[in-house]
Amino acid sequence: VMNYTNPMSLTCLTGIRASTLPIVGLCHSIQHTSQELAGYLGVPHRELKYRAAGINHLAWLVELTHNGEDMYPLLREKANDPAIYEQDPIRFETMLHLGAFPTESSGHSSEYTPYFRKRPDLVEKYTRPEYLGETGFYANNWPTWRKESDEWIQKMLSGEEEIEMKRGPEYASYIIEAIEQDKPAVIYGNVYNTGLITNLPYDGVVEVACLVNGDGIQPTFYGDLPTQLAALDQQHMAVHDLVATAVLEGDREAAFYALMLDPLTAAVCSPAEIRQMFDEMASVQAEYLPDWMQK
């Protein structure tokens with residue numbers, strides 16, 4: 001099963017616990033981030049070597065080299081250039097203070113950590129328009145994006161528009177080719193942590209490099225993440241565990257605890273406020289939720 005659905009880690013973990021199917025979660029954040037970093041550094045992407053690990057939307061480019069040289073000193077220097085910094089302010093701030101560049105966009109990164117969205121002054125200081133953290137950007141634009149996407153798909157299905165066959169950076173076709181033709185490839189996948197990242201929970205889903213060939217997808221061992229990076233990922237993995245438990249065991253309180261532990265929610269709201277918000281959301285969305293969530 002190749003899963004592209006968000007929430008990535010929650011979906012994969014629940015599927016892994018509920019079935020015996022081989023499941024891998026696929027995202028484009030790591031390969032896109034490596035391309036962006038090559039641009040910031042002014043080196044060809046094919047020459048940039050990197051090693052990433054963590055969890056989806058909060059993995060880390062822990063190693064970054066070019067011709068054997070560590071690129072992080074130069075990247076920190078580039079952060080002083082407003083023309084570069086303004087392209088990714090939240091990710092540059094994260095790197096400067098935590099030591100590694102995160103693999104999701106500045107806008108998404110602001111949602112996964114407690115640092116940038118908890119006060120209006122911080123939102124104003126660190127976020128930028130559109131994908132760089134603009135409040136309501138996705139919610140306001142999603143109806144238009146969905147309409148345009150549906151129209152585009154219908155045009156291709158009807159033959160009005162030619163189906164684009166150019167291969168992109170998404171991993172699915174490379175995985176199929178590697179397995180069916182036994183042609184080795186390396187991808188980054190979201191897989192069950194069987195000791196791959198040794199200081200993250202072993203019963204959760206992590207994002208690591210994977211070898212793919214005729215024998216299938218084989219995750220590779222990473223080892224310990226730097227403690228400060230692992231700590232941020234560990235909190236999210238506790239949320240993933242609670243959500244999977246809520247879904248598979250019909251446990252409403254586990255779902256509430258997951259919201260309680262979300263880093264940004266906890267940075268803004270008190271426990272009583274989180275409980276009130278949870279109950280209100282469950283009530284409003286009752287027709288879409290199972291019975292156990294409505295009790």
Side-chain angles (χ1 to χ4, degrees), residues 3 5-15 17 25 27 29 54-60 90-91 93-94 97-98 102-120 122-123 126-127 131-139 142 190 193 197 199-201 203-207 225 227-286 288-290 292-294:
N3 176 64
T5 308
N6 282 325
M8 176 65 69
S9 300
L10 301 178
T11 303
C12 290
L13 181 61
T14 306
R17 290 185 179 178
C27 187
S29 58
I55 61 171
N56 185 239
H57 288 178
L58 202 58
W60 309 89
I90 287 170
R91 290 206 284 182
E93 286 294 320
T94 301
H97 297 288
L98 285 167
T103 57
E104 192 46 75
S105 66
S106 277
H108 264 325
S109 292
S110 73
E111 300 165 338
Y112 276 77
T113 61
Y115 308 119
F116 302 104
R117 305 195 73 92
K118 59 187 173 184
R119 302 197 311 259
L122 296 178
V123 172
Y126 291 114
T127 66
Y131 292 99
L132 298 183
E134 177 184 334
T135 298
F137 175 65
Y138 284 90
W142 180 254
N190 291 272
N193 187 25
I197 301 180
N199 57 347
L200 290 182
D203 59 348
V205 167
V206 294
E207 194 164 43
L225 274 174
T227 301
Q228 73 278 13
L229 308 181
L232 289 170
D233 288 351
Q234 287 164 4
Q235 187 165 4
H236 282 284
M237 292 182 76
V239 174
H240 303 162
D241 175 74
L242 285 163
V243 172
T245 298
V247 171
L248 296 176
E249 298 182 13
D251 188 336
R252 191 181 195 276
E253 281 299 282
F256 164 68
Y257 296 146
L259 186 59
M260 277 278 293
L261 292 181
D262 175 78
L264 183 54
T265 306
V268 175
C269 299
S270 71
E273 290 169 336
I274 297 171
R275 172 73 75 176
Q276 180 181 358
M277 178 170 63
F278 179 86
D279 289 342
E280 288 180 5
M281 290 179 69
S283 176
V284 169
Q285 299 186 37
Y288 307 108
L289 300 173
W292 56 264
M293 272 293 291
Q294 300 172 36

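Side chains included, hydrogens not; waters and symmetry mates left out as well; all remaining heavy atoms used.
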Geometric class of the Y112/H236 ring pair [parallel <30°, tilted 30-60°, perpendicular >60°]: tilted

Pairs involving residues 247-268, ordered by first then second residue, that meet salt bridge (Lys or Arg N to Asp or Glu O under 4.0 Å) (sequence neighbours left out): R252-D279, E253-R275

Neighbour count above 12 (heavy atom, 6.0 Å) for M281 CE: no

Minimal non-hydrogen separation, V239 against L10, with atom names: O-CD2, 4.3 Å

E111 (side chain) donor-acceptor with L264 (main chain) under 3.5 angstrom: no

Closest approach of N56 to S29 (non-hydrogen atoms, all atoms of both residues): ND2-OG, 4.3 Å

Any donor-acceptor N/O pair, N193 side chain to L200 backbone, under 3.5 Å: yes

Main-chain N/O of E134 paired to T127 side chain as donor or acceptor, under 3.5 Å: no

Rounded distance (nearest 0.5 Å) linking atom CG of L242 with atom CG of L259: 11.0 Å

Side chain to side chain donor-acceptor pair (under 3.5 Å) against S110, all qualifying residues, sequence neighbours excluded: R117

Closest heavy-atom pair and its distance - C12, G25: SG-CA, 3.5 Å

Expected output: side-chain S106 to main-chain R91 donor-acceptor under 3.5 Å: yes

Steps toward side chain to side chain contact (heavy atoms under 4.5 Å, CB included) verdict (I90, L132): CA-CA 8 Å; I90 287 170; L132 298 183; over 6 Å; no

Minimum-distance pair of heavy atoms, taken over all atoms of G204 and M237: CA-CE, 3.7 Å

Whether H108 and H57 hold their rings parallel, tilted or perpendicular, with breakpoints at 30° and 60°: parallel

Closest contact, heavy atoms only, E207 versus I55: OE1-O, 3.7 Å

Donor-acceptor contact present, side-chain N199 to main-chain L225, <3.5 Å: yes

Check against side chain to side chain contact (heavy atoms under 4.5 Å, CB included), R17 and T245: CA-CA 9 Å; R17 290 185 179 178; T245 298; 4.0 Å; yes

